[in-house]
Amino acid sequence: MPNDVKPLDSCDIVLLNGPNLNLLGTREPEVYGADTLNSIENRMLVKAQSADLKLESRQTNFEGELVTLIQQIKSVGAKFLIINAAAYTHTSIAIRDAISAVDVPFIEVHLTNIYKREHFRHHSYLSDRAEAVICGFGPMGYDVAFDYVIGKLKGSL
Ligand code: DQA
């Protein structure tokens, strides 16, 4: 049964994490590392706060919830999306269409180097629409994405 995800509040940056990323820390740690999603989200909150920007962060295992959250991005005033759509990266035309519909700049993040893994992970439905794609840096990829987005929003990039 899908748990309804809390709607987005007004913010500058939206961080979305897709299926199974709630298991970070215990999920295949040899592949995804030891950091929990909570620790990554908290670090990003601090980063956003210290730049005087408001971050809204959500994780869901449900494709339709990701679509619904993406649809809210413009109405809450967000200027940038950072998304790890996890397995839906490789399958979801619906998520691609939602991002196109809101026409918001976004960064695609993956913890792992998806091009070094199974062939089915080599295709992303999002990459050709993304402002940047970050993969293979582990949790540090989120830091890179945030530093870039903060620089863009604060006019230093
Ligand atoms: C992932 C890579 C995807 O292929 C996989 O399905 C995930 C995580 C990553 O962060 O490396 O769940 O997006």
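Count residues from 1 along the sequence. Order of appearance sets the numbers: ligands from 1, and atoms from 1 within every ligand. Heavy atoms only: backbone and side chains are in, while hydrogens, waters and symmetry mates are out.
In terms of protein heavy-atom proximity, atom 1 (C) of ligand 1 is nearest to His110 ND1, 3.7 Å. Looking at atom 11 (O) of ligand 1, its nearest protein heavy atom turns out to be Thr112 OG1, 2.6 Å. Considering only non-hydrogen protein atoms, atom 6 (O) of ligand 1 sits nearest to Arg121 NH1, 3.0 Å.
Side chain to side chain, Tyr142 and Asp35 fail the donor-acceptor criterion of an N or O pair below 3.5 Å.
Residue contacts with ligand 1 include Asn84, since one of its heavy atoms falls under 4.0 Å from the ligand.
Which parts of ligand 1 touch His90 is read off a 4.0 Å heavy-atom cut-off, strictly below it: atoms 3 (C), 4 (O). Close approach of ligand 1 to Arg27 is summarised as follows: ligand atoms under 4.0 Å from at least one heavy atom of the residue are 7 (C), 12 (O). Below 4.0 Å from some heavy atom of Leu111 lie the following atoms of ligand 1, by number and element: 9 (C), 10 (O), 11 (O).
When the options Tyr32, Phe120, Tyr142, Tyr88 are ranked by their closest heavy atom to atom 8 (C) of ligand 1, first place goes to Tyr32.
The hydrophobic clustering, which links ILVMFWY residues whose side-chain heavy atoms are closer than 4.5 Å, places Val144 and Ile107 together.
Rounding to the nearest 0.5 angstrom, the gap separating the CD atom in Gln59 from the CD atom in Glu65 is 9.5 Å.
We find that Asp147 and Lys47 are joined by a salt bridge, their nearest charged nitrogen and carboxylate oxygen being less than 4.0 Å apart. A salt bridge does not link Asp12 with Lys154: none of the charged nitrogens is closer than 4.0 Å to a carboxylate oxygen.
Between the side chain of Arg121 and the backbone N or O of His90 there is no donor-acceptor pair closer than 3.5 Å.
Of the N or O atoms in Val109, none lie within a sub-3.5 Å distance of an N or O in ligand 1.
Residue Leu8 comes nearest to Leu69 through the heavy atom pair CD1-O, 3.4 Å, listed as atom of the first residue, atom of the second, then distance.
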